[in-house]
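Just so it is clear: chains get the letters A, B, ... in the order the sequence lines come, proteins before strands, and each one is counted from 1.
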There are 2 protein chains.
Amino acid sequence: MTFPALNVFPPNALSTGVDGRDEDASVHDQVYEALANLLIQGQIPPGKSVSLRTLASGLGVSPMPVREAVRRLIAQKALELQPSNKRLRVPSLSEDRLKQLMMARQWVEPELAFRAVAAMTKDTIAELKADDQRLMAALGKGDVDGYMQANHAFHFRIYRLAQADLFLDMAKTLWLQSGPFMRVVFGRLGTVQLPQDHHQELIRAFETGDAAAVRQHMSDDVHEGMELMLEALKR
Amino acid sequence: MTFPALNVFPPNALSTGVDGRDEDASVHDQVYEALANLLIQGQIPPGKSVSLRTLASGLGVSPMPVREAVRRLIAQKALELQPSNKRLRVPSLSEDRLKQLMMARQWVEPELAFRAVAAMTKDTIAELKADDQRLMAALGKGDVDGYMQANHAFHFRIYRLAQADLFLDMAKTLWLQSGPFMRVVFGRLGTVQLPQDHHQELIRAFETGDAAAVRQHMSDDVHEGMELMLEALKR
DNA sequence: TTCCCTAATTTGTGATCACATTTTCGAGGC
DNA sequence: GCCTCGAAAATGTGATCACAAATTAGGGAA
């Protein structure tokens with residue numbers, strides 16, 4: 001198994017009080033965030049079956065809040081109930097579905113980037129550069145997980161600026177669905193031939209405030225990444 | 001209150017066995033369908049607060065399956081938990097959010113219609129004509145609810161044909177979010193000045209297999225309806 | 001009548017139990 | 001060694017209970 005064991009959650013997968021900043025959030029929200037992070041970064045492979053009680057004991061909570069978090073993830077198609085078993089698993093992607101994912105991402109994410117231009121600040125640009133450096137460093141070390149995480153941080157740091165909640169939610173849902181498969185593909189390709197991302201051009205376009213260029217570069221970035229996945233799926 | 005009382009569900013809001021065709025579906029799925037229908041047809045006004053136990057007793061089930069159905073609807077932004085109260089209600093739409101809804105619907109629904117062209121049959125066209133006749137009849141009688149229902153049936157009869165699950169889910173989510181507000185606006189306008197829908201042109205384009213025209217007419221139809229809502233919101 | 005304070009009710013959340021179905025796994029037979 | 005069968009374990013679903021927080025209702029004082 002090329003994936004980290006699922007049953008080992010980080011010691012504080014749920015923020016536990018003082019140090020955690022979400023101590024007032026409900027348990028099922030925290031469980032949701034924990035699971036969503038795992039999925040979006042591809043830490044759970046497609047087809048992998050999970051179970052309420054296993055997750056619950058792994059997180060140190062009762063099955064109840066896990067049920068609610070899982071129900072939410074099912075609604076986002078980030079998890080599915082097998083029709084035969086009614087058992088829980090991470091969905092696999094058909095070529096058809098992947099193409100729809102690609103089209104949707106290529107519609108919503110350039111739009112989000114476009115809207116982020118107006119709200120972009122020097123500080124955020126600095127943070128984006130830091131994200132990109134972490135990304136390059138991960139590439140250098142062959143650290144696929146690090147790449148996934150830095151790439152996610154980079155993109156959503158931009159999207160959050162757009163102040164377009166509906167579009168942001170759509171993007172989250174789409175990433176939740178593509179994360180597991182993306183991780184498999186990128187893990188198989190190795191970090192050497194990972195996408196020539198357009199983050200540099202993107203940052204430059206943000207610096208000059210060229211909204212049209214931002215939109216175009218984001219479109220290219222998404223397109224290139226998804227194209228890799230599509231080729232991998234066909235083979 | 002211009003809306004039907006929420007607490008009166010139709011005698012068999014949940015299909016109960018022999019006559020119901022979903023007798024094998026889980027209870028929370030049936031509850032979800034019942035609630036989703038109410039919302040998509042605008043039977044629950046924006047801002048209306050609902051409660052798990054009220055819904056549960058109204059449907060004759062325990063609160064448990066209602067919780068799961070509601071959690072799913074919250075994930076789709078068809079319901080929300082007020083941050084202060086943590087109480088459940090139907091969300092209201094800001095102008096900003098409505099614009100995003102409009103953009104998203106105008107992207108996904110023409111695409112769905114476009115894809116439906118290849119799968120369109122004589123039978124389905126006949127059903128579409130029947131839907132449209134029900135719609136016109138409702139308009140004539142001033143029956144806003146009938147209009148909402150026929151319009152929904154017409155559109156999703158098309159979308160289901162597209163065989164694009166992801167896009168179909170996106171459309172459902174968007175309708176769930178716009179339903180309650182749409183009902184308010186159309187109820188206020190009265191059926192006399194309801195949108196000049198483009199259903200006739202749409203049907204004709206389907207009959208001739210003109211996919212480009214289908215896409216255009218669907219775009220116009222969505223645009224016109226949403227434009228009415230936008231104007232109403234600004235006032 | 002109007003205002004305010006208290007008690008009763010209602011609410012969402014989490015835990016626990018019960019149950020039918022499915023999967024897992026090991027003993028026994030070939 | 002390989003297969004088969006049956007008991008044990010695990011799984012999703014639904015119901016019920018407990019609890020803290022919030023809302024509502026009602027009665028008494030001005």
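Counting non-hydrogen atoms of neighbouring residues, nucleotides and ligands closer than 6.0 angstrom, the CD atom of Gln163(B) reaches no more than 12 such neighbours.
A donor-acceptor contact under 3.5 angstrom links the side-chain atoms of Arg67(B) to the base of dG14(C).
Judged purely by atom type and a 3.5 angstrom limit, Gln100(A) uses its side chain to pair as donor or acceptor with the backbone of Phe167(B).
Taking all atoms of both residues into account, the shortest heavy-atom contact from Met103(B) to Trp107(A) is O-CZ2, 3.7 Å.
We find that CZ of Arg53(B) is positioned 11 Å from C1' of dC19(D), with the value rounded to whole Å. Taking atom CG on Leu52(A) and atom P on dG14(D), their separation rounds to 12 Å, with Å as the unit. Distance CZ (Arg89(A)) to P (dT23(C)): 12 Å, rounded to an integer number of Å. dT13(D) atom P lies 16 Å from atom OH of Tyr32(B), rounded to whole Å. If you take NZ of Lys48(B) and P of dT11(C), they are 12 Å apart, rounded to a whole angstrom. Between the C1' atom of dG12(D) and the CD atom of Gln82(A) lies a distance of 12 Å, rounded to the nearest Å. To the nearest angstrom, C1' of dT13(C) lies 15 Å from CZ of Arg72(A). The interatomic distance linking Glu68(B) (CD) with dT13(D) (P) rounds to 6 Å, in whole Å.
Listed nucleotides: dT13(D), dA15(C), dG14(C). Nearest to the side chain of Arg71(A): dT13(D). For Ser62(A), taking side-chain heavy atoms from C-beta onward, the closest of the listed nucleotides dA15(C), dG12(C), dG12(D) is dA15(C). Across dT16(D), dG14(C), dT11(C), the shortest atom-to-atom separation from the side chain of Ser51(B) is found for dT11(C).
Along DNA chain C, the nucleotide nearest Asn85(A) and the nucleotide nearest Lys86(B) are compared for position; the residue whose nucleotide lies closer to the 5' end is Lys86(B). If you find the closest nucleotide of DNA chain D to Arg87(A) and to Met64(A), the one lying nearer the 5' end belongs to Arg87(A). The residue among Ser84(A) and Pro63(A) whose nearest nucleotide of DNA chain C lies closer to the 5′ end is Pro63(A).
Listed pair Thr54(A) / dT11(D) meets the phosphate criterion, a side-chain N or O lying under 4.0 Å from OP1 or OP2.
A side chain to side chain contact (heavy atoms under 4.5 Å, CB included) with Leu174(A) is found for exactly one of Asp169(A), Leu101(A), Val222(A), namely Leu101(A).
In this structure, the side chains of His152(B) and Met182(B) stay at 4.5 Å or more apart for every pair of heavy atoms.
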